[in-house]
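Structure, as structure tokens:
Heavy atoms only: backbone and side chains are in, while hydrogens, waters and symmetry mates are out.
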Amino acid sequence: MLSLAARSGAFSPYLSATSYGVAGQLKPLVSGAVLQGDKVLLDVKRPFLSRETLSGQAANGALSATAGINGPATVRFLHSDVTVPEFSDYRRAEVADSRKSSRPSDDARKGFSYLVTGVTTVATAYVAKNVVSQFVSSMSASADVLAMSKIEVKLSDIPEGKNMCFKWRGKPLFIRHRTPKEIEQEAQVDLSELRDPQHDLDRVKKPEWAILIGVCTHLGCVPIANAGDFGGYYCPCHGSHYDASGRIRKGPAPLNLEVPYYEFPSEDLVVVG
């Protein structure tokens with residue numbers, strides 16, 4: 001008896017009858033009957049019910065489906081209390097009536113659309129300009145490098161006939177306060193005798209001041225001031241002789257000493273760079 005009872009468990013769906021609440025669009029998967037209260041509206045003998053089968057059958061009252069013993073009792077339906085969402089509170093007054101076209105509202109919103117487009121364009125251009133400016137400025141020289149790009153020298157600290165050396169951009173800078181005799185001597189030099197012909201007046205802005213970069217044009221050595229056969233500069237490394245104007249007169253150096261850019265903001269001050 002126990003084994004028979006255990007095996008009979010598989011037949012339990014066929015031995016029960018259950019009623020289910022049915023939504024408007026009924027699609028049961030089993031055969032059965034459709035009731036309204038105690039009244040039988042439709043007795044279906046086919047294996048399933050369709051939407052068309054119950055169309056117009058339940059004008060009033062709730063529907064229920066009863067499964068019979070000749071088919072499975074499992075029926076899946078929607079809830080009967082489903083409501084349609086209402087979005088009227090979120091609609092603009094112009095489009096609240098679904099029977100009217102919303103074209104007039106498009107014309108009314110053109111000004112706002114143009115304003116948003118214009119503001120967005122200006123903001124994008126401003127951001128792009130700042131990004132480009134920061135990118136370009138990041139590639140420029142740093143503040144410490146810019147500080148070394150110029151040097152100011154007080155000329156009254158250099159006595160006549162003397163040469164002083166300063167560091168400028170990592171190079172030695174020679175500033176020579178020439179005597180009237182040196183000025184006259186350099187002005188009378190025949191240019192045809194020079195390896196790199198340059199007149200003395202073309203190398204100075206004021207005759208009494210000769211401002212030069214103290215790097216030998218042969219191999220980059222630093223010459224000695226007030227030395228050599230011509231009383232100017234002498235490079236002991238390979239024997240190059242320069243005059244008081246920084247022009248090469250003897251030795252292997254091919255060019256004159258370089259003259260940097262400089263200016264005199266006042267009589268007692270020179271700015272190099």
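Because its NZ or CZ atom is not both nearer than 6.0 Å to the ring centre of Phe264 and within 45° of the ring axis, Lys205 does not count as a cation-pi partner of that residue.
For Glu152 against Val271, the heavy-atom pair with the smallest separation is CG-CG2, 3.7 Å. For the residue pair Leu255 and Tyr242, the shortest heavy atom distance occurs at O-CE2, 3.8 Å. Nearest heavy-atom pair across Ile248 and Leu194 is O-CD2, 4.5 Å. Contact between Gly220 and Val215 at its shortest, heavy atoms only, is CA-CG1, 3.6 Å. Residues Gln198 and Arg247 share a closest heavy-atom pair of O-NH1, 2.8 Å. Nearest approach of Pro223 to Cys216, heavy atoms of both residues: CD-N, 3.9 Å.
Separation of atoms CZ (Phe166) and CD1 (Ile158) is listed at 4.5 Å; rounding is to 0.5 Å. Separating the CD atom in Glu258 from the CD1 atom in Ile211 is a distance of 13.0 Å, to the nearest 0.5 Å. Here the NZ atom belonging to Lys150 is positioned 16.0 Å from the OH atom belonging to Tyr262, to the nearest 0.5 angstrom. Distance check, rounded to the nearest 0.5 Å: CG of Leu257 to CD1 of Ile213 gives 9.0 Å. Rounded to the nearest 0.5 angstrom, Thr124 OG1 and Lys129 NZ are separated by 15.0 Å. Atoms CG and CD1, on Asn163 and Ile175 in that order, are 8.5 Å from each other to the nearest 0.5 Å.
Looking only at distances, a side-chain donor or acceptor of Asp268 sits under 3.5 Å from a matching main-chain atom of Ser156. Checking side-chain atoms of Ser240 against main-chain N and O of Ala253 turns up a donor-acceptor pair under 3.5 Å. In this structure, the side chain of Arg203 does not engage the main chain of Ala210 through any donor-acceptor pair within 3.5 Å. Side chain of Glu186 to main chain of Ile183: no donor-acceptor pair is present (N/O by atom type, distance under 3.5 Å, no hydrogens or angles).
Arg176 and Asn226 form a side-chain donor-acceptor contact under 3.5 Å, judged by distance and modelled atom types alone.
Leu212 is connected to Val153 through a chain of hydrophobic side-chain contacts under 4.5 Å among Ile, Leu, Val, Met, Phe, Trp and Tyr, so both are in one cluster. Under the 4.5 Å side-chain heavy-atom criterion for Ile, Leu, Val, Met, Phe, Trp and Tyr, Val189 and Val259 are members of distinct hydrophobic clusters. Hydrophobic clustering of Ile, Leu, Val, Met, Phe, Trp and Tyr side chains at less than 4.5 Å, counting indirect connections, unites Val222 with Val272.
Residues passing the side chain to side chain contact (heavy atoms under 4.5 Å, CB included) test with Tyr90 are Phe87, sequence neighbours excluded.
The distance between the ring centers of Tyr233 and Phe174 falls below 6.0 angstrom.
Side-chain contact between Pro260 and Leu173: present, with at least one pair of heavy atoms (C-beta onward) separated by less than 4.5 Å. Counting heavy atoms from C-beta on, the side chains of Asp157 and Lys154 come closer than 4.5 Å.
Relative ring orientation between Trp209 and His177 is described as parallel, the plane-to-plane angle staying below 30° on a 0-90° scale split at 30° and 60°.
With Arg249 as the partner, the side chain to side chain donor-acceptor pair (under 3.5 Å) test is satisfied by one option alone out of Asp229, Asp196, Asp243: Asp243.
Glu263 CD: more than 12 foreign heavy atoms inside a 6.0 Å radius. With a 6.0 Å radius and a threshold of 12 heavy atoms from other residues, nucleotides or ligands, Lys206 has its NZ atom above the threshold.
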> Between Arg178 and Asp200, does a salt bridge (charged side-chain N to carboxylate O under 4.0 Å, His left out) hold up when you go through it step by step?
Replying inline: CA-CA 12 Å; Arg178 300 192 299 183; Asp200 180 63; 2.8 Å; yes
